[in-house]
Amino acid sequence: MKRTFDLIISAIGLICLIWLIFLLALLVRSTSRGPGIFKQHRVGLGQRIFTCYKLRTMHFETSTDATHNVSASSVTGLGRLLRRLKLDELPQLWNVFKGDMSLVGPRPCLPLQTELIEERQLRGVFSIRPGITGLAQVQGIDMSEPKRLAEVDAEYLAQQSLLYDLSLIIRTLGGGGSGDRIRV
């Protein structure tokens, strides 16, 4: 049921918002050097590595380290707005459509975030697809707190349902959560 929901909503989202994704990607390209769509390897279901897509919010030369380890000066002016409005996540609808991600689940981590990967392994979190949003996100918990994040991911795993996912989507669209912190 969850996969069917993800497939339908991501397809509708892509059909309705593809113009906005392309417009924003062009805007990103025109305001800073580099591609408008950012690609990065992430850890997904069963610890399989996949390519995650987002609108680029940081300068092109920025390292591919975890966001909480990157300086705030790395974020472009447009990037700050895209992150605040959560529009940088729109290309991930393609990841959901392809089956790499779900609309709701644990945020996909980078392969270099070994502490978080170990904590998630201990709690069985890799048994579900990562999500665009999730319980940890609406609670403002980011990847700079690996153990706490994995505990909340496991809490979501234990109580996930379609209704619960809908409530988390509504909370996210209503402004819940602050996204990943950036080092000042």
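Values reported hereafter were calculated over all heavy atoms of this structure, with side chains retained and with hydrogens, waters and symmetry mates removed.
- Not a single ring-ring contact (aromatic ring centres under 6.0 Å, His included) links Phe50 to another residue, sequence neighbours left out.
- Annotation for Phe22: atom CZ does not count as buried by contact number, only 12 or fewer foreign heavy atoms lying within 6.0 Å.
- Under 4.0 Å is where a charged nitrogen must lie from a carboxylate oxygen, and between Arg48 and Asp100 at least one such pair does.
- When His41, Met101, Glu89 are each tested for a side-chain contact (heavy atoms from CB on, under 4.5 Å) with Cys52, only one passes: Met101.
- The closest side-chain heavy-atom distance from Arg80 to Thr57 is not below 4.5 Å.
- In this structure, the side chains of Gln139 and Val152 come closer than 4.5 Å at one or more pairs of heavy atoms.
- Remark: of the listed residues Thr172, Leu168, Leu162, Leu168 is the sole one forming a side-chain contact (heavy atoms from CB on, under 4.5 Å) with Val104.
- For the pair Pro106 and Ile128, the tightest heavy-atom approach, listed with the atom from each and the gap, is CD-CD1, 3.6 Å.
- Between the side chain of Gln137 and the main chain of Gly134, a donor-acceptor pair closer than 3.5 Å is present.
- Considering only heavy atoms from C-beta on, Phe5 stays 4.5 Å or farther from Arg3 through its side chain.
- If you chain together hydrophobic residues whose side chains sit under 4.5 Å apart, Val125 and Met143 never meet in one group.
- Under the 4.5 Å side-chain heavy-atom criterion for Ile, Leu, Val, Met, Phe, Trp and Tyr, Leu7 and Ile12 are members of distinct hydrophobic clusters.
- Contact detail for Cys16 and Trp19: the closest heavy-atom pair is O-NE1, 2.8 Å.
- In this model, a donor atom of one side chain and an acceptor atom of the other lie less than 3.5 Å apart for Arg56 and Ser32.
- With Asp165 contributing its side chain and Leu103 its backbone, the two residues share no donor-acceptor pair below 3.5 Å.
- Across all non-hydrogen atoms, the minimal contact from Ile49 to Val43 is CD1-CG2, 3.8 Å.
- Between the side chain of Arg107 and the main chain of Gly131, a donor-acceptor pair closer than 3.5 Å is present.
- Other residues, nucleotides and ligands contribute only 12 or fewer heavy atoms inside 6.0 Å of the CZ atom of Phe97.
- Within the 4.5 Å cutoff, the side chain of Leu110 has heavy atoms near those of the Gln40 side chain.
- Within the 4.5 Å cutoff, no side-chain heavy atoms of Pro146 are placed close to those of Arg120.
- Contact detail for Ile141 and Glu145: the closest heavy-atom pair is CG2-OE2, 4.2 Å.
- Between Cys109 and Leu116, the shortest heavy-atom distance links the atoms CB-CD2, 3.6 Å.
- Cluster membership for Leu166 and Val138, using ILVMFWY side-chain heavy atoms within less than 4.5 angstrom, is shared.
- Criterion: ILVMFWY side-chain heavy atoms under 4.5 Å apart, direct or through other members. Under it, Ile21 and Leu26 are not part of a common hydrophobic cluster.
- Side-chain contact annotation: Ser102 with Asp6, donor-acceptor N/O pair under 3.5 Å present.
- Residue Arg29 qualifies as open at atom CZ: its count of foreign heavy atoms under 6.0 Å is 12 or below.
- More than 12 heavy atoms of other shown residues, nucleotides or ligands fall within 6.0 angstrom of atom NZ in Lys98.
- In the hydrophobic clustering of this structure, Leu55 groups with Leu81; members are Ile, Leu, Val, Met, Phe, Trp, Tyr whose side-chain heavy atoms approach within less than 4.5 Å, directly or through other members.
- When only modelled atom types and interatomic distance are considered, Arg123 and Gln121 share no side-chain donor-acceptor pair under 3.5 Å.
- Pairs passing the ring pair (Phe, Tyr, Trp, His ring centres under 6.0 Å) check and including a residue from residues 113-132, sequence neighbours excluded, do not occur.
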